[in-house]
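So the structure is just underneath, and the comments pick up after that.
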Amino acid sequence: MGPQSWIPGSGSSMDQVSNGTRRYEGGSRPQEAHTGNETRNDDDDTGYDNARCGGVNKAKAAAVSSTTAPAGPTDGGSLNREAQVLIFYSSITTNTGRIANEFKANLDAAIKALPDLPDSKFLDAEVLDLAEIDFDDYFIAPPASKKGVDLFYMILLPSYNIDTINDTFLEHLKETHYDFRIDTGSLSALLGYSVFGFGDREGWPDENEGYCFQAKEVDKWMARLTGRKRAYPVGMGDIKIDYRERMAEWTSGVTEILGQVARTGNLGEGLPGSGSAVESDDESGSDVDEEYDDGETLVDSGSGSASGDLGDVEDLGKIVEGIPKEAKEAAAAEAPLAVDFTNYGKSVVPLRKRAAAQAVPKEMVPKNSPTYASLTKQGYAIVGSHSGVKICRWTKSALRGRGSCYKYSFYGINSHQCMESTPSLSCSNKCVFCWRHGTNPVGTTWRWVVDPPDLIFNGIKANHYQKIKVLRGMAGVRAERYAEAMRIRHCALSLVGEPIFYPHINEFLALLHGDRISSFLVCNAQHPDQLAALKAVTQLYVSIDASNKESLRRIDRPLHRDFWERFQRCLDILREKRFKHRTVFRLTLVKGFNIDDEVEGYADLVERGLPCFVEIKGFVRALERRLGERGLGYGIAAEHAHSCCVLIASDRFRVDGKWHTKIDYERFFQLLEERGADGDWTPEEYMGEETPEWATWGNGGFDPRDERVDRKGRKIEI
Ligand SMILES: Cc1cc2nc3c(=O)[nH]c(=O)nc-3n(C[C@H](O)[C@H](O)[C@H](O)COP(=O)(O)O)c2cc1C
Ligand code: SF4
């Protein structure tokens, strides 16, 4: 969408029909507004018929009329008119008033320092006390007094759980939104807005207890009134502790956006009038609850993906369990075992043809392939010809302070700083639960064009950041977390495909580590040679979908004929590596296929590989008991109740009776720098601090500082 989109009269919510009559949403204006004594006010160049307004007061009508007054930029993108920031604040005990005036001085200076901006474009900001202005003048439509100037609103608001001007203000925003005489999005002529809240954690320790609650409310209503022109996530600062730091972050973010607005006339990726908003919430609906419903299921562990979208691989177990037993059995019985096109021996492809096909390597996922279409439709970005990156739902959830994935509870992975990706979208299995049947590239050896590691590394990072930027306008995103999210700290190589299949996996890992990004690499235990040659990773996983040869054949449907031998060799390699890498078994249990009578088999596999950790869903106690009987030294260390995931850990990670499942990432990078990717060290050397109490077995694994919400985004009282 071009810059014209936010010009009043050219945008969606403020449309005027050619005869100047204001167009109401839904076609015609509501019947009950007619007085029966209607005369048209010809002086009203907006075409808005004041006489029809019934109870609308004059100020309101005038304000409404002004929404159609300003014209927007027309010079091919950048602002062509003067712009100004209006800083609104409320203040009862004077802090915010003082801060607002200091802020104005800083902001004026910061705007002047923006590169490539002519001085004349931004007028000095104006500070306005909400207690002294008439809300109708500013918060129904942009003020008529500012005709010809494009406005950007910043609202600085302390929270008060007693009756103050804030309540009147919030009531006004709400009324304006619901007033049928006023168009939806009546403030959409603004360039954008952002809110910063002040609170006091001493009395209101976290958001569940009301910390900065009114700033969040104002932010929500402003999103509605502006047609979702949240330029930057709501910021929050504790007046006694960190407001300076938080405000500095927020100010730098907002100023950057102002520069973008001035240069391009729009707010950037993901926001109205500025490109794709598909990943942002729709805030135009009339139901307040819906605003916070992005379809994420954060607490309802019983639901899987109905659409067939695998979504997040981290939720695999849940999805797998959701498949009816009969369907799985039918799939396993009907689907032919995948044919190995690359190994010699019996093959349906004649050798000559195969040789010809291999002469010129093809792209693994060409742009015109069904796989490409399918992946991009589901939010994956394809990088080069065989790599992918996607924002996982936990990253979105963490950005909004609504909880992180189990790896945060177990290992201290910040979900909002985590990038989920793979350098190989291809793999050598055709697992029954994989949604990509029929379209995914499979093979036992690499037979495609190989992209260089730096192309993949730079590409996935750029795409990840771009996707995060799109989320800037999403309801509920915290400014602090957004700022942190612009620094990737973790990479989960666990998207679809098989990462160690990529021929330059070690070089790729080195690039991640060189940028101080930790690596969690998940493989399917089918490539022992590559596994043996793997250099340093922060945490190394094998995915274990079955406990014996027959189940594995039926569930993973591997391409390799010697799949079981490969699988066992991988476990042996993992056993050897356990004093170098943090090794993990991820047990994905397919109900009906492999739970019954298989505990013994899983215990055998654990005994063979002796991993540092076992991530498991279901039959936790049974497995723990078996491991105990064999004297292998494991215990239940942590849990994440939402994803029904439990962590069984080796006693190596229990110090003085306390579990230490977290990772000291800084120490990991130090070890790498000191000793190199081939160097010797043990996982214990970068063992992190004690597992937090809330993450230990029996305590649920939900960080109390986050807010629990249900499927609709409604807060859950605990
Ligand atoms: C009576 C009272 C109620 C308050 N209620 C809240 C609250 O619900 N949430 C919060 O985060 N801070 C609350 N605060 C803290 C204020 O928001 C904080 O001190 C703020 O900086 C005050 O700004 P001001 O001096 O501009 O009025 C409250 C403070 C007082 C005195
Ligand atoms: S580890 Fe990263 S990619 Fe995986 S679920 Fe957690 S936040 Fe998402």
Side-chain angles (χ1 to χ4, degrees), residues 85-107 125-135 138-139 153-174 193-223 230 232-251 254 288 292 399-403 475-483 703-709 713-718:
V85 176
L86 299 188
I87 304 167
F88 299 92
Y89 73 92
S90 72
S91 191
I92 311 299
T93 57
T94 71
N95 286 314
T96 317
R98 174 183 46 80
I99 294 167
N101 285 300
E102 286 166 15
F103 172 66
K104 171 198 149 46
N106 291 339
L107 185 73
E126 201 172 316
V127 180
L128 296 156
D129 185 346
L130 287 169
E132 285 174 9
I133 59 164
D134 187 338
F135 296 149
Y138 294 89
F139 289 97
Y153 282 10
M154 296 194 188
I155 303 171
L156 309 184
L157 203 88
S159 284
Y160 277 93
N161 64 355
I162 53 166
D163 207 10
T164 65
I165 182 82
N166 288 353
D167 298 283
T168 327
F169 179 48
L170 273 161
E171 196 51 37
H172 174 90
L173 298 180
K174 189 173 172 183
Y193 81 91
S194 191
V195 180
F196 190 92
F198 297 89
D200 181 355
R201 282 210 193 86
E202 204 173 294
W204 298 269
D206 56 44
E207 289 176 46
N208 291 328
E209 309 216 29
Y211 178 61
C212 292
F213 75 104
Q214 286 177 318
K216 282 161 48 185
E217 283 284 301
V218 167
D219 174 65
K220 188 172 78 180
W221 289 112
M222 284 299 291
R230 179 186 294 107
Y232 202 74
V234 58
M236 290 179 237
D238 184 322
I239 194 68
K240 292 186 182 140
I241 303 173
D242 61 4
Y243 85 87
R244 281 195 182 81
E245 209 181 322
R246 295 284 89 84
M247 235 189 135
E249 274 166 18
W250 177 81
T251 308
V254 183
V288 177
Y292 281 88
L399 275 169
R400 302 159 115 183
R402 293 183 181 183
V477 170
R478 305 281 176 263
E480 187 185 346
R481 295 218 174 161
Y482 175 78
D703 187 342
R705 287 167 299 183
D706 278 341
E707 185 177 277
R708 286 190 87 158
V709 294
R714 287 174 296 229
K715 201 168 128 182
I716 293 178
E717 303 295 344
I718 307 166

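Because the structure is predicted, anything quoted here is derived from the model rather than measured. Atoms within each ligand, like the ligands themselves, are counted from 1 in listed order.
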For Pro158 and Ser90, the nearest pair of non-hydrogen atoms, with its separation, is CD-O, 3.0 Å

Closest heavy-atom pair, Ser159 versus Ala215, reported as atoms and distance to 0.1 Å, is OG-N, 3.8 Å

Quick look: Thr94 vs ligand 1, heavy-atom contacts under 4.0 Å, and the answer is backbone

- Taking N or O atoms only and a 3.5 Å limit, does Gly97 qualify as a polar contact for ligand 1? no

Within 4.0 Å of some non-hydrogen atom of Ile92, the atoms of ligand 1 are 24 (P), 26 (O), 27 (O)

Contact region, Asn161 to ligand 1, non-hydrogen atoms below 4.0 Å, reads both

Per-atom filter on ligand 1: closer than 4.0 angstrom to a heavy atom of Ser91 are 24 (P), 26 (O), 27 (O)

Contact region, Ile239 to ligand 1, non-hydrogen atoms below 4.0 Å, reads side chain

Nearest non-hydrogen protein atom to atom 27 (O) of ligand 1, with distance, is Tyr160 OH, 2.4 Å

Based purely on interatomic distance, does Ser159 place a nitrogen or oxygen under 3.5 Å from a nitrogen or oxygen of ligand 1?
-> yes

So that I can tick it off, tell me whether Lys174 and Glu171 are bridged by a salt bridge, with the cut-off set at under 4.0 angstrom between side-chain N and carboxylate O.
no

Closest to atom 9 (N) of ligand 1 among protein heavy atoms sits Gly210 O, 3.0 Å

Closest to atom 1 (C) of ligand 1 among protein heavy atoms sits Ile162 CD1, 3.8 Å

Atoms of ligand 1 under 4.0 Å from any heavy atom of Tyr211, numbered from 1 in the order shown, are 11 (O)

Heavy atoms of Arg481 and Leu399 approach each other most closely as O-CD2, 3.8 Å

In short, Tyr153 meets Met222 closest at the heavy-atom pair CD2-CE, 4.0 Å

In this structure, atom 15 (C) of ligand 1 is nearest to the protein heavy atom Asp200 CB, 3.6 Å

Which donor-acceptor pairs under 3.5 Å do the side chains of residues 96-103 make with protein atoms, sequence neighbours left out?
unit_1 : atom_1 : unit_2 : atom_2 : d
Arg98  : NH2    : Asn95  : OD1    : 3.2
Asn101 : ND2    : Gly97  : O      : 3.0

Original post:
If we only count heavy atoms from C-beta on, is the Arg230 to Val477 side-chain gap below 4.5 Å?
Top reply: no

In terms of its nearest heavy atom to atom 14 (N) of ligand 1, the top option of Phe198, Tyr243, Trp204 is Trp204

- Classify the ring geometry between Phe135 and His172 as parallel (under 30°), tilted (30 to 60°) or perpendicular (over 60°). tilted

Of all heavy-atom pairs linking Tyr160 and Gln214, the shortest is N-OE1, 2.7 Å

| message | Any donor-acceptor pair under 3.5 Å linking the side-chain atoms of Ser194 with those of Trp250? | response | yes

I'd like to know if Cys212 contacts ligand 1, where contact means a heavy-atom distance under 4.0 Å to any ligand atom.
yes

query = Leu173 versus Lys220: any side-chain heavy-atom pair under 4.5 Å?
reply = no

When Phe139, Tyr193, Phe169 are each screened for ring-ring contact (aromatic ring centres under 6.0 Å, His included) with Phe88, the one that passes is Phe139

message = With respect to Pro158, determine whether any N or O atom, backbone or side chain, lies less than 3.5 Å from an N or O atom of ligand 1.
response = no

Quick note on ligand 1: atoms under 4.0 Å from a heavy atom of Thr96 include exactly 23 (O), 24 (P), 26 (O)

Ranked by distance from atom 25 (O) of ligand 1, the top protein heavy atom is Thr93 OG1, 2.4 Å

Gly199 heavy atoms within 4.0 Å reach ligand 1 at atoms 10 (C), 11 (O), 12 (N), 17 (O)

A student checking ligand 1 against Phe213 at a 4.0 Å heavy-atom cut-off should list atoms 8 (O)

